[in-house]
Amino acid sequence: MDIAELIDALDREGRLLADAAQQAGPDAQVPTCPDWRVRDLLAHVGMVHRWVTRILTEGLTEMVRPQPGQEPEDADLTPWFRDGHGALVKALNEADPEGRYFTILPTSHSPLAFWARRQAHETAIHRVDAESALGKDLSPVAPAFAADGLDELLTGFHATERSKVRTETPRTLRLRATDAEVVWTVRLSDAPPRAEVGDAGDADCELSGSAEELYLTLWNRLPMARLRATGDTSLAELWRERSGF
């Protein structure tokens with residue numbers, strides 16, 4: 001996906017998040033993040049949006065930590081979130097496409113493309129949290145966007161030492177998106193997982209479903225039972241238990 005498409009996705013997902021949070025109320029529990037209420041969700045995402053806005057508008061190339069605890073009282077929390085979200089969309093639209101900015105992961109994309117992608121998916125996953133708190137049907141995720149988010153999760157987050165999805169002996173997990181014509185093969189070992197596009201070779205376990213189902217399940221927002229699993233399903237359980245960030 002290109003930068004403009006990702007910024008459009010961020011804009012849409014942030015608006016949906018704010019609408020769901022406003023309807024649910026700040027004290028509503030978030031089933032997908034059991035330790036959180038909606039106020040915690042808005043405070044977290046609002047903080048992240050402001051942090052990335054600062055990176056872009058100040059042209060920061062070194063790590064600067066987010067500043068928690070800046071959110072207002074409950075009555076002003078949703079408008080505060082909307083303001084920060086709008087500022088981030090504006091910053092991304094106005095940032096230098098060739099600019100050098102700090103990123104939290106190594107990337108083959110430009111820093112601007114990295115942040116457009118990261119914030120679109122950060123906001124989409126937390127939009128699911130807000131809608132879960134409201135108890136409404138989840139807004140759909142387009143297959144191309146879901147597939148992009150899966151690629152970021154597998155080749156970005158889980159390619160780092162932070163990933164705890166490890167096995168004592170080499171194993172192979174395959175992920176097949178039935179509506180996006182894309183397959184990932186994930187090599188598991190005692191090192192960080194290595195994901196590649198394609199289905200070459202045998203797999204110990206295959207998980208298949210729509211791109212949306214894979215995206216939300218691998219981000220632990222839907223139960224594994226939503227996917228079709230074949231082979232050694234203990235690898236699916238391993239993912240569920242160890243894949244959180």
Side-chain angles (χ1 to χ4, degrees), residues 1-2 5-6 9 31-34 103-110 113-114 116-118 120-122 124-129 132 138-245:
M1 298 182 69
D2 64 29
E5 291 174 318
L6 291 165
T32 45
C33 298
T103 61
I104 58 173
L105 295 171
T107 178
S108 60
H109 303 284
S110 73
F114 170 87
R117 186 190 210 192
R118 176 78 294 275
H121 292 296
E122 170 93 5
I125 292 299
H126 287 310
R127 180 267 298 169
V128 170
D129 295 332
S132 297
L138 299 180
S139 299
V141 181
F145 182 71
D148 182 78
L150 275 168
D151 187 76
E152 184 206 37
L153 177 64
L154 296 171
T155 65
F157 284 98
H158 281 291
T160 71
E161 291 294 332
R162 291 179 60 198
S163 178
K164 297 178 181 177
V165 182
R166 312 286 180 103
T167 56
E168 293 183 2
T169 58
R171 309 296 299 282
T172 301
L173 174 65
R174 183 155 291 141
L175 306 169
R176 188 178 301 274
T178 56
D179 60 346
E181 297 185 352
V182 63
V183 180
W184 291 267
T185 297
V186 186
R187 313 288 181 185
L188 303 176
S189 68
D190 59 359
R194 293 185 299 106
E196 58 196 42
V197 175
D199 59 359
D202 295 331
D204 296 292
C205 176
E206 179 170 310
L207 300 175
S208 62
S210 69
E212 177 181 20
E213 288 172 327
L214 284 168
Y215 176 57
L216 297 183
T217 300
L218 268 64
W219 269 112
N220 295 318
R221 263 56 184 192
L222 289 178
M224 277 288 175
R226 289 289 294 268
L227 302 178
R228 180 174 180 267
T230 57
D232 182 0
T233 57
S234 69
L235 292 183
E237 186 64 17
L238 175 77
W239 186 279
R240 188 190 66 79
E241 291 179 349
R242 301 188 187 178
S243 64
F245 282 97

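The shown structure was predicted, so the numbers you read here are calculated from the model rather than taken from an experiment.
- Proximity of a side-chain donor or acceptor of Arg242 to a complementary backbone N or O of Ser163 within less than 3.5 Å is not detected.
- In this structure, Leu227 CG and Leu218 CG are separated by 7.0 Å, a value rounded to the nearest 0.5 Å.
- A distance of 5.5 Å separates CG of Leu216 from CD1 of Ile125, quoted to the nearest 0.5 Å.
- Contact between Ser243 and Asn220 at its shortest, heavy atoms only, is OG-ND2, 3.1 Å.
- Contact check on Arg221 versus Glu212 returns no salt bridge, with no Lys/Arg side-chain nitrogen under 4.0 Å from an Asp/Glu carboxylate oxygen.
- Note on ring orientation: taking the six-membered ring where Trp is involved, the planes of Tyr215 and His121 are perpendicular (angle over 60°, cut-offs 30° and 60°).
- Of all the heavy atoms in Cys33 and Asp129, the pair that sits closest is SG-OD2, 3.6 Å.
- With sequence neighbours excluded, the residues satisfying side chain to side chain donor-acceptor pair (under 3.5 Å) with Ser210 are Glu213.
- For Phe157, the ring-ring contact (aromatic ring centres under 6.0 Å, His included) criterion is met by Trp219, Phe245, not counting sequence neighbours.
- In this structure, the side chain of Arg174 does not engage the main chain of Val183 through any donor-acceptor pair within 3.5 Å.
- The two residues Val141 and Ala146 come nearest to each other via the heavy atoms CG1-CB, 3.7 Å.
- Going from atom CE of Met224 over to atom CG of Leu235 covers 10.0 Å, rounded to the nearest 0.5 Å.
- Heavy atoms only, all atoms of each residue included: Asp151 and Thr155 are closest at O-OG1, 2.6 Å.
- Side-chain contact between Thr172 and Asp202 is absent, with no heavy-atom pair separated by less than 4.5 Å.
- Of all non-hydrogen atoms in Pro143 and Ala211, the two that sit nearest each other are O-CB, 3.7 Å.
- Note on residues 177-194: pairs passing salt bridge (Lys or Arg N to Asp or Glu O under 4.0 Å), not counting sequence neighbours, are Arg187-Glu196.
- In Arg166, the CZ atom is crowded: over 12 heavy atoms of neighbouring residues, nucleotides or ligands sit closer than 6.0 Å.
- Side-chain contact between Ser189 and Arg171: absent, with no pair of heavy atoms (C-beta onward) separated by less than 4.5 Å.
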Check the pair Leu154 / Leu175 against side chain to side chain contact (heavy atoms under 4.5 Å, CB included), numbers first and verdict last.
CA-CA 10 Å; Leu154 296 171; Leu175 306 169; 3.7 Å; yes
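- Here the CH2 atom belonging to Trp184 is positioned 4.5 Å from the CG atom belonging to Leu150, to the nearest 0.5 angstrom.
- A distance of 8.5 Å separates CG in Leu188 from CG in Asp204, rounded to the nearest 0.5 Å.
- Between Leu138 atom CG and Arg127 atom CZ the span is 6.5 Å, to the nearest 0.5 Å.
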Yes or no on salt bridge (charged side-chain N to carboxylate O under 4.0 Å, His left out) for Arg117 and Asp148, after CA distance, side-chain angles and deciding distance?
CA-CA 8 Å; Arg117 186 190 210 192; Asp148 182 78; 3.1 Å; yes
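- In terms of heavy-atom proximity, Gly156 sits nearest to Leu105 at C-CD1, 3.9 Å.
- Checked options Arg118, His158, His109; the residue passing with Glu152 is Arg118 (criterion: side chain to side chain donor-acceptor pair (under 3.5 Å)).
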